[in-house]
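Scroll down for the structure; my scribbles are underneath it.
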Amino acid sequence: MPWKDVTRWVAAVLLMAAGVLRAEAQSYATHTIRLIVPFPPGGSNDVMARIIAPHLEQALGQTVIVDNRPAAGGIVGSDAVAKAPPDGHTLLMVASSHTVTPALNAKLPYNTEKDFAPLSLLNTNAMVFFDNPKVPANTLAEFIALAKKNPGKFNYSSPGAGSQTHLTVELLSRRAGITMQHIPYKGGAPAMTAVISGETEFTMLAPNVIFPHIEAGTIRPIASGDVTRHPRLPNVPTTAESGFPDVRAIQWVGMFTTGGTPKPIVDRLNADLNRIVRLPDVIEKLKAQGVTATGSTTEEFARLVATEIRNWTEVAREANLKTE
């Protein structure tokens with residue numbers, strides 16, 4: 001075949017492929033979208049899902065159902081997305097604990113990096129350490145001093161074994177030289193309720209979950225996890241100010257779909273999500289909860305996931321938490 005003919009043939013194939021890809025993106029979505037939140041209602045993932053869902057419905061022209069599936073620290077709900085048809089009709093809303101789980105679980109039913117297609121980072125926030133108001137400690141430094149005097153006396157709750165809270169508090173405990181009992185729950189909301197009721201004395205969660213309870217006085221914030229103080233908690237010291245500069249607690253929330261979903265659909269969802277998190281009403285709703293709207297490219301989000309898996313694996317090793 002003459003070179004000119006080869007060139008024309010390649011160009012024709014490329015044009016046909018581009019046409020197929022455009023048609024694929026334009027035909028999406030064809031039926032109900034299921035947005036799986038692998039934790040109970042009331043947590044960070046769930047709050048974000050319910051803010052995003054109505055706008056996503058409008059963008060895609062299909063019903064978006066928020067489907068809470070709390071079990072096994074988020075593994076069951078995540079696995080449902082990993083094994084769903086790769087057509088963009090099953091989505092996953094998770095927080096940064098999604099990258100903590102593989103650091104503690106050597107035998108997950110899915111590959112965190114390969115079986116999910118990152119769509120976009122949606123928000124970030126500094127997590128907040130807090131205790132029950134009956135505990136005589138108004139700051140993290142005071143709580144650490146109290147825990148040192150009472151080894152093993154205090155319990156801390158978490159949204160589940162292998163959650164970001166679990167690893168961060170274990171790391172803090174090792175840095176501070178204290179011993180506490182870990183009590184895992186099925187999500188952030190029940191972990192917070194445990195502190196309110198006195199079942200546990202201490203934990204660390206995202207601000208959008210706890211601010212109403214801080215205002216009600218049912219929990220007491222004692223430290224924030226960023227290098228600067230939280231704008232809504234100007235009188236609460238940071239972990240660095242409390243003597244632990246290398247214990248940071250920054251949570252992100254983002255959305256994934258099933259790995260292998262065609263790129264045009266992934267790109268369509270990425271564009272829609274980035275537009276949605278920049279809507280003034282979405283920004284205001286997140287700001288009211290102490291959360292910063294972000295957004296990202298799919299490539300940026302994929303790099304974040306890969307980096308955090310490596311980092312949390314190191315934290316798990318340092319905190320002497322064995323994989324299961």
Side-chain angles (χ1 to χ4, degrees), residues 33-60 63-70 73-74 77-78 80-81 88 90-101 116-128 159-160 163-165 186-192 204-213 225-226 230-232 249-257 266 269-298 300-301 304-305 308:
I33 308 293
R34 190 165 297 276
L35 174 51
I36 293 179
V37 177
F39 291 100
S44 302
N45 310 333
D46 181 70
V47 170
M48 191 65 192
R50 294 179 191 281
I51 290 174
I52 292 289
H55 296 286
L56 201 56
E57 278 189 349
Q58 188 175 23
L60 300 177
T63 300
V64 176
I65 297 175
V66 177
D67 182 357
N68 294 87
R69 299 194 188 183
S78 298
V81 178
T90 308
L91 309 177
L92 177 68
M93 184 75 78
V94 289
S96 37
S97 59
H98 184 67
T99 59
V100 178
T101 304
F116 302 96
L119 296 178
S120 182
L121 184 67
L122 299 175
N123 72 54
T124 58
N125 59 81
M127 299 182 82
V128 178
S163 63
Q164 184 175 0
T165 296
K186 293 182 179 180
M192 175 186 60
M204 172 200 84
L205 293 171
N208 59 342
V209 177
I210 66 175
F211 272 132
H213 302 278
D226 206 349
H230 197 288
R232 287 189 58 180
I250 308 297
Q251 185 191 61
W252 52 258
V253 174
M255 191 181 291
F256 296 79
T257 189
V266 170
L269 285 165
N270 173 264
D272 285 334
L273 290 170
N274 274 278
R275 178 185 56 79
I276 289 169
V277 296
R278 288 172 173 79
L279 294 173
D281 69 312
V282 172
I283 291 173
E284 286 305 310
K285 285 178 181 177
L286 294 178
K287 185 178 179 181
Q289 299 177 57
V291 175
T292 302
T294 51
S296 71
T297 65
T298 56
E300 288 168 342
F301 195 22
L304 173 65
V305 169
E308 290 218 341

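Just the heavy atoms: all of them, side chains too, but no hydrogens, waters or symmetry mates, feed the values below. Predicted model, so just to flag it, every value in this text is computed and none were measured.
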**Message:** With a sphere of 6.0 Å drawn around CD of Glu300, does it hold more than 12 non-hydrogen atoms of other residues, nucleotides or ligands?
**Reply:** yes
So, for [X] and [Y], which heavy atoms are closest and what is the spacing to 0.1 Å?
X	Y	answer
Ser97	Ser163	CB-CA, 4.1 Å
His98	Ser78	ND1-OG, 4.1 Å
Leu286	Ala293	CD1-CB, 3.7 Å
Pro118	Thr298	O-CG2, 3.4 Å
Gly77	Pro38	CA-CB, 3.9 Å
Gln251	Ala95	NE2-CB, 3.5 Å

[Y] and [X], any side-chain heavy atoms less than 4.5 Å apart:
X	Y	answer
Val277	Met48	yes
Thr99	Val94	no
Asp281	His55	yes
Val282	Ile51	yes
Val66	Met93	no

Hey, does the side chain of [X] reach the backbone of [Y] with a donor-acceptor pair shorter than 3.5 angstrom?
X	Y	answer
Asn270	Val266	no
Asn68	Phe39	yes
Ser296	Leu121	yes

Look up atom [atom1] in [X] and atom [atom2] in [Y], then write down how far apart they are to the nearest 0.5 Å.
X	Y	atom1	atom2	answer
Ile250	Asp226	CD1	CG	3.5 Å
Ser44	Asn123	OG	CG	8.0 Å
Thr257	Leu35	OG1	CG	10.0 Å
Glu57	Thr63	CD	OG1	5.0 Å
Met255	Leu92	CE	CG	9.0 Å
Leu205	Asn125	CG	CG	10.5 Å

**Request:** May I ask you to decide if the ring planes of Phe301 and Phe256 are parallel, tilted or perpendicular, using 30° and 60° as cut-offs?
**Result:** tilted
**Request:** Give the ring-plane orientation class for His230 versus Phe211, where under 30° counts as parallel, over 60° as perpendicular and anything between as tilted.
**Result:** perpendicular
**Request:** Pick out which of Asp67, Leu273, Val37, Leu56 makes a side-chain contact (heavy atoms from CB on, under 4.5 Å) with Leu91.
**Result:** Leu56
